[in-house]
*Asks:* 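Here it is: the structure, laid out below.
Because only heavy atoms are used, hydrogens play no part in the values below, and waters and symmetry mates are left out as well, while side chains stay in. Atoms within a ligand are numbered from 1 in the order they appear, just like the ligands themselves. For clarity, every value in this text was computed on a predicted model and none was experimentally measured.
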Amino acid sequence: MAKAKEAELGSNRDSTPIKRESSSTSALRWILAVLVAASLTSVLHKADFLARLRHYCASGPVMNLPNQYILCSAEGETSVYTVDEANAVKQCVGVDSGFVVSTGDLRTVQHGRNWRVYRIPPGAMVVPGLSDSHCHILEHGAARQIPFGDATSVEESVEMVASYILANPDVERNRSEAIVSWGWDHESWSAPKYPTAADLELNPISRGRRVILQSKDGHAIWVSKAILDAYAPYPDTVEGGVIMRDSSGSPTGVFFDSAQNLIEMPSISGEELSRRLHMAARDALALGLTSLHDAGFKPESMEAFKREVEAHGKLPVRVYAMTHFDEYASYWTNGTEMLHGMGDKERFSARSLKIFADGALRTSGAALYEPYSDDPGNRGQMRLSGEALQSVVNRFAKAGWQVNVHAIGDRANGLVLDAFESVLREDNKVDARETRPRLEHAQVMAEADFERIGRLGVIASVQPTHVISDMPFAEDRLGTKRVKGLYAFRSILSSGARITLGTDFPVESMDPMKTFYAAVTRRAFNVPEGEGWYPEQRLTRTEALRGLTIDPAYASFTESVLGSLESGKHADWVILSKDIMKVDMNEVLITKVLATALDGEIVFGGL
Ligand SMILES: *[C@@H]1O[C@H](CO)[C@@H](O)[C@H](O)[C@H]1NC(C)=O
Ligand SMILES: *[C@@H]1O[C@H](CO)[C@@H](O)[C@H](O)[C@H]1NC(C)=O
């Protein structure tokens, strides 16, 4: 059983495509490296290091704009995409004190205003600030704190842990502080074998420290000797999990799946949570993302974000939080208050609830009506029964919460729609427009459910880059007929439902250009032409742009103040180096963010 499980984990890992990073993300990573390199011999070659540092500096310091200004297309071009109701494209946008006050040609916007005019470079475009509708902010920050993605060996990975310790005095000083991070992938090392607790003892800096490192796919943890000893002894077998052992039978320090629960996750310090938040916000702004919908706020995340608002008056990026409902904890059911636009500039809201209906497709945990095509005894599992779902959805929707349910398999999506349908019954006085229930992922849908999602006014929150990750194995798992209901974005839209786009980062890359490309082409990143995977489900460029701007605004109750460049809205805007509505789709993947503004102020790049 253990062997079979391990084989399954192995094959899952093989089908994980290698995810690349945008150059701006890796450039930012180098800010951390600068700090580290100052204090120790870097694991990286100096020349390479300096080249990357220059690349970062080339993007220039953030510039300050006056309070009132006009931002225009290049001379003779029209490339300010407002994403208003008519998808109008204008020449210029006027900004006053953080708000859009006018759009149109220069004369119209200038009318009576003697404001400075800034022009974007030829061929570039302006779009409203982009959103990611389903992501994990602190987890991304955790993954970025230690850049395991760059490691080519276990030794390098351990050196990165050591660098992290040295770069953070609060961690270095306090030996009982645990080091918790995410993202190692032994498959990407030159000698791909599982790491061990002993590896962490070989480096004098990491030796003796409490270290817990989650694998990139989330299915394993690698711990240090101090942690391994603290939770010993271990059971011989674990239902649904595997403890990795050496030839004498002793645990080596890697735990798979439910065996991970044998190790208790330590609480993370406030300083570390704040570092994670800022790291993720910087990456997001550098990629043109101004609004993030976090799909799993735990109580400690809520505290960390609130502390940040209290300390600085506002967050560095807009955050719309889905508070995680845990079937075992009562925290969110105990009259937790909804948060509406906390702090200066109203950047932080938490008024939705996140529930898990089932597991994931990759690990055959998604709940299906019929068994998996490649695993005839298995239909996956619901994490909550249909009745439990009904009761939770009912309770929270009636109390005015937006209810967002993770649903992957067709059975999970069907049962969630049953729950939404029962709460949205007319005699219940719960209005879909007022509560805007969301299906998070809406991955595999049964034919009959497409009609319901539209009729009920449910929002589908989907992740187009998952299409690219899953297309190598999806048909084997679901069969030729059922696979047609997987990532069926066109069918969802045709039903009249709204779609909103995200990435689930750090599971996928944060880069919204990849999301745009995947939604419009349904082609792997290294395949420059062809119709794509189930091309009838592709989105148009306009639908994809709306799915990254105004639709997420609607999905977070902010469409009257965000999501488009229209008079009266917050001036969140992004300059992209190419016009992604016109260039060849392959050029979308090399499009750069030249500047990002939040509330009218440049927070990344410059003009
Ligand atoms: C050291 O870390 C531990 C574990 O996080 C914490 O309980 C303790 O308060 C810290 N000590 C100091 C001096 O910060
Ligand atoms: C929830 O409320 C109950 C009853 O008021 C209380 O006993 C319990 O401690 C609360 N739980 C949390 C996590 O706040």
Side-chain angles (χ1 to χ4, degrees), residues 32 35-36 38-40 136-148 157-184 195-215 218 220-234 251 253-255 259-282 294 296-312 315-316 321 323-324 326 328-329 331 506:
L32 181 66
L35 298 172
V36 173
S39 61
L40 83 166
H136 301 278
I137 299 167
L138 296 178
E139 289 76 1
H140 173 90
R144 289 277 278 100
Q145 286 289 71
I146 305 185
F148 288 119
S157 307
V158 172
E159 277 193 64
M160 285 174 179
V161 173
S163 306
Y164 166 78
I165 294 170
L166 293 177
N168 295 290
D170 56 304
V171 182
E172 192 191 0
R173 270 198 310 269
N174 186 349
R175 293 191 60 84
S176 46
E177 182 83 47
I179 294 127
V180 180
S181 190
W182 195 93
W184 57 272
T196 65
D199 291 320
L200 286 158
E201 297 303 298
L202 294 176
N203 185 302
I205 310 291
S206 58
R207 184 178 303 149
R209 302 292 302 235
R210 301 169 65 220
V211 184
I212 303 182
L213 306 169
Q214 182 109 42
S215 66
I221 50 172
W222 165 27
V223 304
S224 64
K225 184 170 183 302
I227 296 288
L228 196 57
D229 292 348
Y231 294 97
Y234 296 94
V254 174
F255 298 81
Q260 296 178 88
N261 301 334
L262 297 168
I263 307 294
E264 200 181 308
M265 278 292 165
S267 63
I268 312 292
S269 72
E271 284 113 316
E272 171 59 19
L273 289 174
S274 170
R275 278 197 291 269
R276 291 179 180 184
L277 160 58
H278 281 273
M279 183 71 89
R282 263 200 313 207
D294 192 292
F297 252 46
K298 299 184 192 95
E300 59 268 28
S301 337
M302 181 61 90
E303 289 316 309
F305 279 72
K306 274 189 183 164
R307 267 201 310 274
E308 195 63 32
V309 177
E310 277 150 17
H312 302 286
L315 294 180
T323 49
H324 179 202
D326 178 338
Y328 306 105
Y331 186 88

*Asks:* Using modelled atom types only, decide if a donor and an acceptor are shared between the side chain of Arg210 and the backbone of Ser176 within a distance under 3.5 Å.
*Replies:*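 Yes; at least one donor-acceptor contact below 3.5 Å.
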*Asks:* Name the orientation class of the two ring planes belonging to Phe148 and Trp222 (parallel below 30°, tilted from 30 to 60°, perpendicular beyond 60°).
*Replies:*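 Phe148 and Trp222: tilted rings.
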*Asks:* Can you tell me how far the CZ atom of Phe255 sits from the CD atom of Gln260, to the nearest 0.5 Å?
*Replies:*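 If we round to the nearest 0.5 Å, Phe255:CZ and Gln260:CD are 10.0 Å apart.
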*Asks:* Tell me, do Thr196 and Glu201 make a side-chain contact under 4.5 Å, heavy atoms counted?
*Replies:*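 Thr196 does not reach Glu201 side chain to side chain.
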*Asks:* Looking only at the side chains, is there a donor atom on one of Gln145 and Glu272 sitting less than 3.5 Å from an acceptor on the other?
*Replies:*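 Looking only at side-chain atoms, Glu272 and Gln145 do form a donor-acceptor pair, the distance falling under 3.5 Å.
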*Asks:* Output, or 'none' if empty, a list of ligand 1-protein atom pairs in which both atoms are N or O and the distance is under 3.5 Å, rounded to 0.1 Å.
*Replies:*
| unit_1 | atom_1 | unit_2 | atom_2 | d |
| --- | --- | --- | --- | --- |
| ligand 1 | 2 (O) | Asn174 | OD1 | 3.4 |
| ligand 1 | 2 (O) | Asn174 | ND2 | 2.4 |
| ligand 1 | 11 (N) | Asn174 | ND2 | 2.8 |
| ligand 1 | 14 (O) | Asn174 | ND2 | 3.4 |

*Asks:* Taking side-chain hydrogen bond (donor to acceptor under 3.5 Å, both in side chains) as the test, write out the residues that go with Ser206, two or more places apart.
*Replies:*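 Ser206 satisfies side-chain hydrogen bond (donor to acceptor under 3.5 Å, both in side chains) with no residue once adjacent residues are dropped.
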